[in-house]
Protein chains: 2
Amino acid sequence: MIKCVKCGEVEGIMKAGYVRGKQRFLCKPCNYYFTIQENDVSAAVQRKRKRHQTTIIDIAKTLGVSNSTVSRALHGHTDISPDTRQAVLDTAALLDYQPNQLAYNLVKSRTNTIGMIVPEFHNPFFPNVIIGAHDVLTKAGYNLTIMQCNESYQVEISNTKAMLANRVDGLLISLTQETNNFDHLNVFEKRGIPLILFNRVCEQIDVPKVVVNDFESAFMAVEHLILNGYERIAHLGGPLTLLVSQERLRGYRAAMEKHGKSIENHMVIQGMLTQQKARIYGQYLLDLAERPNAIFAVNDSAAIEIMLIAKEKGIGIPDELGVVGFSDNPESAYIGPGLTTIRQPTLEMGQTTAEWILQLVDVEELSFSGRKVLNTELIVRGSSMRKGI
Amino acid sequence: MIKCVKCGEVEGIMKAGYVRGKQRFLCKPCNYYFTIQENDVSAAVQRKRKRHQTTIIDIAKTLGVSNSTVSRALHGHTDISPDTRQAVLDTAALLDYQPNQLAYNLVKSRTNTIGMIVPEFHNPFFPNVIIGAHDVLTKAGYNLTIMQCNESYQVEISNTKAMLANRVDGLLISLTQETNNFDHLNVFEKRGIPLILFNRVCEQIDVPKVVVNDFESAFMAVEHLILNGYERIAHLGGPLTLLVSQERLRGYRAAMEKHGKSIENHMVIQGMLTQQKARIYGQYLLDLAERPNAIFAVNDSAAIEIMLIAKEKGIGIPDELGVVGFSDNPESAYIGPGLTTIRQPTLEMGQTTAEWILQLVDVEELSFSGRKVLNTELIVRGSSMRKGI
DNA sequence: TTGTACGCGTTATCAA
DNA sequence: TTGATAACGCGTACAA
């Protein structure tokens with residue numbers, strides 16, 4: 001808002017002492033010192049919304065009592081005469097008093113707020129987890145503040161810093177695809193702020209974790225394909241930085257091995273699956289000379305992209321190609337012959353995560369570092385039901 | 001955490017003076033006064049996580065300088081010797097100093113945080129708006145904290161209070177289905193906190209609003225049905241407490257009138273469309289002796305429910321029944337013959353809302369109370385394309 | 001260039 | 001039952 005009078009720059013302006021009682025500024029870019037003209041000053045001052053908030057002191061003054069009395073009255077402490085208490089309450093309403101949570105938090109060093117950081121908002125997965133967590137937390141009298149990272153490690157770091165600076169009482173976090181350094185999380189341990197990882201967890205840091213049984217789910221999915229007569233099953237997986245991707249890959253492998261199916265290396269693709277990438281990989285797979293007759297995808301978006309490609313190429317689903325996804329997005333029930341997929345207990349994940357953080361916050365049992373593994377469900381639809389077997 | 005020693009209750013405990021230097025408590029439920037035994041006290045004290053946070057004073061002490069020097073060094077003010085500044089920065093890193101945003105906010109009475117309250121998280125609409133807003137705000141150096149209401153007016157009130165108490169610099173809000181009183185919003189005006197309504201707005205309060213052209217969109221949708229040869233068009237609308245519902249109803253009516261179609265009262269149903277309700281209303285409509293041959297639904301979920309019912313009843317879409325929805329949910333592209341619908345510019349809505357709030361926060365132009373109407377797009381899919389015309 | 005002292009709005013302690 | 005006063009952690013006008 002302060003502009004350099006020389007170069008007009010507004011970024012690198014910093015205060016640089018006083019001259020004749022007026023603030024002196026230094027414009028870093030053009031290295032020029034200046035003070036502000038009266039007009040500008042008045043404008044700047046006017047800018048400063050100096051609206052007076054009624055405080056407990058205002059109430060105290062109007063009533064001629066002390067601020068501690070007001071504080072007591074406001075908080076329903078006993079040891080206060082009903083009269084004064086009512087008077088305080090009345091004038092509080094009269095003056096439109098709103099407690100300043102900032103000040104309260106400062107003195108209590110406690111915010112009654114749980115932070116939640118999620119990697120993305122494109123899939124319905126995290127919003128659903130939020131619904132579950134929100135429910136539990138509000139019932140317990142806690143606020144939930146949410147931040148999202150857009151799958152960016154840098155944003156994740158800045159978000160954790162913001163959470164730290166805002167003194168959340170506890171943090172629920174699901175990691176970015178990019179995250180492979182965990183210093184920003186260790187800070188919470190040092191500071192004694194409870195931390196819980198969910199869904200996108202890592203093993204490098206020892207805190208409670210809430211996940212689904214990715215290994216078993218993937219195993220179940222692939223075995224289902226095999227039992228339906230598919231032989232050459234490809235896997236379109238997520239980035240291996242994510243534990244969930246690793247686990248699902250393991251599950252795929254285990255199922256294939258159990259049933260004596262060979263895994264061809266070029267039929268396993270791992271990567272960050274934007275829609276574009278999913279299309280490229282999917283086309284690659286379906287263009288292979290000996291193309292797979294089934295694909296297990298790490299999420300529903302990728303699976304659906306594959307179904308679309310298959311349709312374009314005239315490859316019949318499920319007869320010529322079986323497809324199984326992961327997550328049970330809403331659209332999976334409606335596409336083509338229906339997408340067989342793994343349903344995740346999103347609400348439950350949010351709820352248990354929230355319940356755990358409440359325990360940690362209230363009971364101060366920081367040693368507790370359990371791991372909750374939630375069970376998924378295989379939703380069988382048309383995309384994997386080969387006819388005639 | 002404080003239990004009554006008599007009835008074991010934990011809820012109605014309040015402080016009631018001191019006796020021999022020890023806190024005295026009163027259990028409201030059983031009206032019993034008590035102090036806490038030593039053991040319990042030590043436990044209670046221990047509970048209080050008294051981990052010392054390093055403050056600027058710590059840094060000042062270790063360096064033997066004053067706290068103001070530290071403050072200046074930390075904020076890159078000039079007028080400080082490079083040596084001391086570097087020393088401060090070093091010890092800050094050494095002591096793992098984390099600024100206390102709470103204190104900062106208190107003294108600045110400014111939080112650099114924009115609040116956003118959304119009515120629900122079940123549809124992808126609001127998450128997408130959030131993505132758009134988040135993008136703009138983070139780029140401007142602001143935090144975005146999100147709260148959701150589960151369509152509950154009471155939760156909305158408590159959320160606004162929390163936002164107020166947390167001193168957000170500005171608030172973006174989309175109203176609940178239940179909201180028909182706006183006192184909790186007027187407070188923001190009084191307090192000089194910029195407020196913007198988006199999507200679910202109301203006319204009773206004079207602040208900037210960002211909406212889509214619901215009237216024109218609905219008109220477009222219904223006219224599209226008419227031009228495709230549908231005659232008896234029903235409307236499955238949302239609750240009339242919402243302006244969007246009213247506008248979409250108006251659009252429906254206008255299109256029907258323009259083309260000389262009569263509107264039968266029992267073919268227009270308004271209400272809060274849970275999935276269950278959508279099914280009930282849908283079945284009612286399709287069971288009518290002279291059933292509609294097209295339905296314009298207020299959202300995609302309802303439209304899809306209708307498509308499912310039609311399928312169950314063996315009513316062919318689009319030949320026997322045309323369907324148009326609103327919002328373009330992901331599943332709408334994939335269901336049945338594809339659901340014709342209105343696509344809303346969610347990202348853009350988030351972006352412009354964010355841009356406006358930044359203007360209000362920075363420029364202090366509180367008089368500004370514009371209204372941005374974003375344009376939608378009719379996405380034509382199979383559900384409205386009657387063959388043979 | 002640095003230090004002193006006050007204010008931001010609350011709660012909590014102790015004395016009255 | 002009430003009132004002074006000290007925290008809570010930080011920014012900053014003013015003095016040095």
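Lettering of chains follows the sequences in order, A, B, ..., and the numbering in each one begins at 1.
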Checklist entry - Who passes side-chain hydrogen bond (donor to acceptor under 3.5 Å, both in side chains) against A:T160, sequence neighbours left out? => result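 With neighbours one apart ignored, the set is empty.
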Checklist entry - Considering residues at least two apart in sequence or located in another chain, which fulfil the side-chain hydrogen bond (donor to acceptor under 3.5 Å, both in side chains) criterion with B:N186? => result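 Partners of B:N186 by the side-chain hydrogen bond (donor to acceptor under 3.5 Å, both in side chains) criterion come out as none, since no residue qualifies.
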If I take atom [atom1] in residue [X] and atom [atom2] in nucleotide [N], what distance separates them, rounded to the nearest angstrom?
{"X": "A:D83", "N": "D:dT2", "atom1": "CG", "atom2": "P", "value": "9 Å"}
{"X": "A:N67", "N": "C:dA12", "atom1": "CG", "atom2": "C1'", "value": "11 Å"}
{"X": "A:L95", "N": "C:dG9", "atom1": "CG", "atom2": "C1'", "value": "15 Å"}
{"X": "A:L102", "N": "C:dT10", "atom1": "CG", "atom2": "C1'", "value": "11 Å"}
{"X": "A:L74", "N": "C:dT11", "atom1": "CG", "atom2": "P", "value": "7 Å"}
{"X": "A:H75", "N": "C:dT10", "atom1": "NE2", "atom2": "P", "value": "9 Å"}
{"X": "A:N166", "N": "D:dG9", "atom1": "CG", "atom2": "P", "value": "16 Å"}
{"X": "A:N100", "N": "C:dT10", "atom1": "CG", "atom2": "C1'", "value": "8 Å"}

Check the phosphate of [N] against [X], side-chain N and O only, distance under 4.0 Å to OP1 or OP2. Yes or no?
{"X": "A:T84", "N": "D:dT2", "value": "yes"}
{"X": "A:S68", "N": "D:dT2", "value": "no"}
{"X": "B:K108", "N": "D:dT12", "value": "yes"}
{"X": "B:Y104", "N": "D:dT12", "value": "no"}

Item to check | Close residues, residues 54-66 of chain B, relative to DNA chain C [heavy-atom separation under 4.0 Å] | outcome: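 Heavy-atom contacts with DNA chain C come from B:G64, B:V65, B:S66.
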Next on the checklist: Please pick, from C:dG3, D:dG11, C:dC14, the nucleotide with the shortest atom-to-atom distance to any side-chain atom of B:R72.
Outcome noted: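 Looking only at heavy atoms from C-beta outward on B:R72, the closest nucleotide is C:dG3.
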Checklist entry - Considering only side-chain heavy atoms of B:T69, which listed nucleotide, C:dG3, C:dT10, D:dC8, is closest? => result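 So the nucleotide nearest the side chain must be C:dG3.
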Next on the checklist: Applying a 4.0 Å non-hydrogen cut-off, can you work out what B:N105 is touching in the nucleic acid: base, sugar-phosphate, or nothing?
Outcome noted: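 It contacts nothing in the nucleic acid.
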Checklist entry - A:S81 near the nucleic acid: base, sugar-phosphate alone, or nothing, with a heavy-atom cut-off under 4.0 Å? => result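 Contact class for A:S81: sugar-phosphate only.
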Item to check | Nearest-nucleotide 5' precedence on DNA chain C, B:P82 against A:Y97 | outcome: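 Looking at DNA chain C, the more 5' nearest nucleotide goes with B:P82.
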Next on the checklist: To check you understand the geometry: which heavy-atom pair defines the closest contact between A:I80 and A:A73, and what is its length?
Outcome noted: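 Taking every non-hydrogen atom into account, CD1-CB, 3.6 Å.
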Next on the checklist: Per the salt bridge (Lys or Arg N to Asp or Glu O under 4.0 Å) rule, what does the pair list look like for residues 55-66 of chain B, sequence neighbours excluded?
Outcome noted: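 Every candidate salt bridge (Lys or Arg N to Asp or Glu O under 4.0 Å) pair involving residues 55-66 of chain B fails, so no pair, neighbours aside, qualifies.
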Checklist entry - Please, which pairs that meet salt bridge (Lys or Arg N to Asp or Glu O under 4.0 Å) have at least one residue in residues 87-106 of chain B, sequence neighbours excluded? => result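 Non-adjacent pairs meeting salt bridge (Lys or Arg N to Asp or Glu O under 4.0 Å): zero.
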Checklist entry - Checking B:N150 side chain against B:S152 main chain: does a donor-acceptor pair fall under 3.5 Å? => result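 Flag not set: sc B:N150 to bb B:S152 has no pair under 3.5 Å.
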Checklist entry - Is the backbone N or O of A:S71 less than 3.5 Å from a side-chain atom of A:H75, with the two atoms forming a donor-acceptor pair by type? => result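 Answer holds: yes.
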Next on the checklist: Regarding C:dG9, can its base be found pairing with the side chain of B:R167 as donor and acceptor, where the two atoms are less than 3.5 Å apart?
Outcome noted: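 No, the side chain and the base share no sub-3.5 Å donor-acceptor pair.
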Item to check | Summary of ring pair (Phe, Tyr, Trp, His ring centres under 6.0 Å) pairs that have at least one residue in residues 152-174 of chain A, sequence neighbours excluded | outcome: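 Every pair satisfying ring pair (Phe, Tyr, Trp, His ring centres under 6.0 Å) with a residue in residues 152-174 of chain A: A:Y153-A:H184.
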